[in-house]
Amino acid sequence: MHEPEGSDGFEPEATRRDADVTESARANRGWWDRNADEYQIEHGTFLGDDRFVWGPEGLDEVEAELLGPSEELKGKAVLEIGAGAAQCARWLAAQGARPVALDLSHRQLQHALRIGGSFPLVCADAGALPFADGSFDLACSAYGALPFVADPRLVLREVHRVLRPGGRFVFSVTHPIRWAFPDEPGPEGLSVSSSYFDRTPYVEQDERGRAVYVEHHRTLGDRVRDIAASGFRLVDLVEPEWPAWNTSEWGGWSPLRGNLIPGTAIFVCERD
């Protein structure tokens, strides 16, 4: 969850309430279109132009090899979901893979165009992928789509559909335990403030009560059940530790919290 941002002089109201598939998609498409410029300015240096970083801890696919050894990526068709400025897709292309970068936000993909690359950019909803069955060898999503959709099984089933048998899907999200703690980087963010089991979405809404940003909570068990119900086999769950070199602090992310509680959960799934 992030700190509410004002627009046109109005500060959105942060609340917890239900938000369905349609409202969530509409709100988040608008939010990312409006905030893409600021996001890339704030996080662009950390993300780089052609790095594959799984989350705020800085775990890099170069070391993690969650999609497989880099030398085995050559020639593989890879779908990046929630690509933003397509940094991960750009790294994949440099390994000889054939990536496609997909995002709900047109403005985010304009940043991908600005940085450059010879791979396709697709503006589409992850819950309705515009690709034929069995189009990809691999799929990945670093904090893309899954935290923001009301029904993650729609996305997982679509990814399962477009992957070939034996294909792997790796995705990272905010670690579910973080929902029980305040989104603060200092000591005030170390005490439980709400129920881990409260799955009510976090919503920022305008003066008319319309959602302008939505983030959804799933427990670890929910994520595992979603994966299994969508036809995948979970082969690993990675919880990166906060490294000593990372002194970054933004929003609720900090070395203080990162050294005590997990911040990211990475699910490694395979399609049999």
Side-chain angles (χ1 to χ4, degrees), residues 1-44 56 81-86 101-112 121-130 141-159 171-176 178-184 189 193-219 222-223 226 250-253:
M1 292 178 283
H2 70 287
E3 305 219 350
E5 297 177 15
S7 84
D8 299 327
F10 177 78
E11 192 78 8
E13 176 195 8
T15 186
R16 300 285 293 274
R17 68 165 175 82
D18 289 336
D20 64 16
V21 170
T22 302
E23 184 179 27
S24 297
R26 182 177 62 242
N28 287 324
R29 180 185 292 108
W31 193 91
W32 284 104
D33 280 345
R34 290 190 305 275
N35 290 279
D37 295 0
E38 183 178 345
Y39 179 85
Q40 294 300 330
I41 290 170
E42 182 178 359
H43 300 290
I81 297 167
L102 178 141
D103 202 282
L104 183 68
S105 166
H106 179 260
R107 185 59 180 166
Q108 284 279 62
L109 292 176
Q110 285 184 317
H111 283 282
L121 305 175
V122 177
C123 190
D125 193 307
L129 296 174
S141 185
Y143 275 76
L146 273 302
F148 308 105
V149 296
D151 186 353
R153 295 187 184 188
L154 288 176
V155 176
L156 287 164
R157 287 168 181 157
E158 276 292 272
V159 176
F171 69 92
S172 62
V173 296
T174 300
H175 197 290
R178 284 286 179 116
W179 279 72
F181 293 82
D183 196 28
E184 299 290 342
S193 60
S194 60
S195 172
Y196 169 75
F197 301 102
D198 182 2
R199 296 160 174 86
T200 308
Y202 169 83
V203 176
E204 293 172 13
Q205 57 189 18
D206 64 19
E207 64 272 26
R208 287 179 281 183
R210 296 180 305 182
V212 296
Y213 177 90
V214 182
E215 197 166 335
H216 292 269
H217 172 49
R218 307 288 283 166
T219 67
D222 291 339
R223 292 287 185 200
D226 290 342
W250 56 81
W253 302 95

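Given the structure is predicted, the values throughout are model-derived calculations rather than measurements.
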*Can the ring centroids of H106 and W32 be said to lie less than 6.0 angstrom from one another?*
no
*Kindly write out the residues that satisfy salt bridge (charged side-chain N to carboxylate O under 4.0 Å, His left out) with R210, not counting sequence neighbours, or none if the list is empty.*
D206
*Expected output: side-chain R26 to main-chain S24 donor-acceptor under 3.5 Å*: no
*asked:* Rounded to the nearest 0.5 Å, what separates atom CH2 in W179 from atom OG in S195?
replied: 12.0 Å
*asked:* Could you check whether any side-chain N or O of E204 sits under 3.5 Å from a backbone N or O of Y213, counting only pairs where one atom can act as donor and the other as acceptor?
replied: no
*For residues Y196 and H217, establish whether the separation of their ring centroids is below 6.0 Å.*
yes
*From C123 SG over to L109 CG, what is the distance, rounded to the nearest 0.5 angstrom?*
5.5 Å
*Establish, from distance only, whether the side-chain atoms of H111 and D37 form a donor-acceptor pair under 3.5 Å.*
yes
_V149 vs P152 side-chain heavy atoms within contact, under 4.5 Å_ = yes
*Set of residues satisfying salt bridge (charged side-chain N to carboxylate O under 4.0 Å, His left out) with respect to D226, sequence neighbours excluded*: R153, R218
_Sidechain N-carboxylate O distance under 4.0 Å for D183, R178_ = no
_D20 versus T22, side-chain donor and acceptor atoms under 3.5 Å_ = no
*Please confirm whether the backbone N or O of I81 pairs with a side-chain atom of S141, one donor and one acceptor, at under 3.5 Å?*
yes
*How long is the gap from CH2 on W31 to CG on L104, to the nearest 0.5 Å?*
13.0 Å
*Using 4.0 Å as the upper bound for N to carboxylate O, is an ion pair formed by E23 and R17?*
yes
_When you measure from the side chain of N28 to the backbone of F148, do you find a donor-acceptor pair of N or O atoms at a distance under 3.5 Å?_
yes
